[in-house]
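Notes for the one structure printed next.
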Amino acid sequence: MSKKSDNVRRTQAYFVSMIIVLMLLSFITLLQTFKTYKERGYMDYLSFALSISAITLSVYMILQIKTRPPKTGFEQPEVFTVIRCSKCGFEITRKFKEGDYVLKEADPCPKCKEPTFIYMIFRKADEEEKKRERYEL
Amino acid sequence: MALNQIYKIVRHYYLIGKKTSSFYIILQLQMILPQIMMETKAYARALVAFKNGQPIGDGIGPLIAARLMRGSKSYEIVDDTVVGRVPLEGRVAYVLKAKGPGGNVGKPGEAIRQILEEKEGEISRIIVIDAAQKFEGEKPGEVVEGTGVAIGGPGVDKYKVEEVATKYKIPLSAILVKESIGDVVSTMRKEIADSVNDVIDRIKRIVRETTKEGDSVIIAGIGNTIGIAQ
């Protein structure tokens, strides 16, 4: 596992160094193009266009490396447990605890001291899910 | 298992595309990738739901059965399937579900057959409650009614119920709760859990409209009962 992550880091360092070299070479070419233009009055448009493209590409690649990876969607949703009193219908909603299941008996009701039970266990749909369900035909 | 199957299929197409240097094979994979990702996320969520013993979307049938059975005595009629005798609108309802709260689908077909054999066909109606796959654009938790045996899977249980219902000439009703494939295998959504009362109201209406007082009905909650006791 650690070997794999080392590989990833090494690849990125190698990639960054390649971009830096590319940028340096592009700047040198650009300077050379300007120098030639100043000395001889001749503009090498091809070198100019290529070096500008290479610089743009390098900047884009650096920005791409810096951007955070998008969310994978494997984040776990929050799950809640609803506890209800059998007599007065008083409800409490709390976060799900391991060992909870529907119809499990819970602590006595804080209002009427009658037994309570787990009425419902549910998760709230996340924003991405809700967004996907909003349709405009 | 499902995740591994997806991994194998994606790898297959990727390697075939690489081997043959075919852009079109990779393109096919690229085109269906959003759907693959949707399913993969659902199965990844299912792992957590099953690990923590949380009810899943498919458990809506057993959840409704559990609500109806609450307070009445239940017994194991066949392996992993429990039945409770519940008074409902002046009728007797035999409510059945898989034995929970462990992950279990039970044998509803066998259980219905057993009840009918015991009662010698003296049942006025069979009502089956299950989760149904919704189309994109439909609301999750929407309740629909129909006729027939709404049991998914390979069709063994469906056949058993149809066979015995035909033998005794018992009408069949189905109540379905619409869910997406992602909702079916992941922890139950609030919208789906909230549909329980609507389904119970519909059961009561069907029972009132199609049977007489004193009759007996069978109500079967189909699905995985993980996180739902009885």
### Message
Whether Glu142(B) and Lys134(B) form a salt bridge (side-chain N of Lys/Arg under 4.0 Å from carboxylate O of Asp/Glu) is what I want to check.
### Response
no
### Summary
Given Ile228(B), Ile226(B), Val196(B), the one with more heavy-atom pairs under 4.5 angstrom with chain A than any other is Ile228(B)
### Task
Let me know if Ile192(B) has heavy atoms under 4.5 Å from chain A in its side chain, its backbone, both or neither.
neither
### Summary
Residues at least two apart in sequence or cross-chain that pass salt bridge (Lys or Arg N to Asp or Glu O under 4.0 Å) with Lys104(A), listed by chain then number, are none
### Query
Taking Ile129(B) as the fixed residue, which of Val95(B), Val199(B), Leu176(B) is the one that meets the side chain to side chain contact (heavy atoms under 4.5 Å, CB included) rule?
Val199(B)
#### Entry: Tyr119(A) versus chain B, the contacting section by heavy-atom distance below 4.5 Å
both
### Approximate separation, where rounding is to 0.5 Å, of Gln230(B) CD and Met69(B) CE
6.0 Å
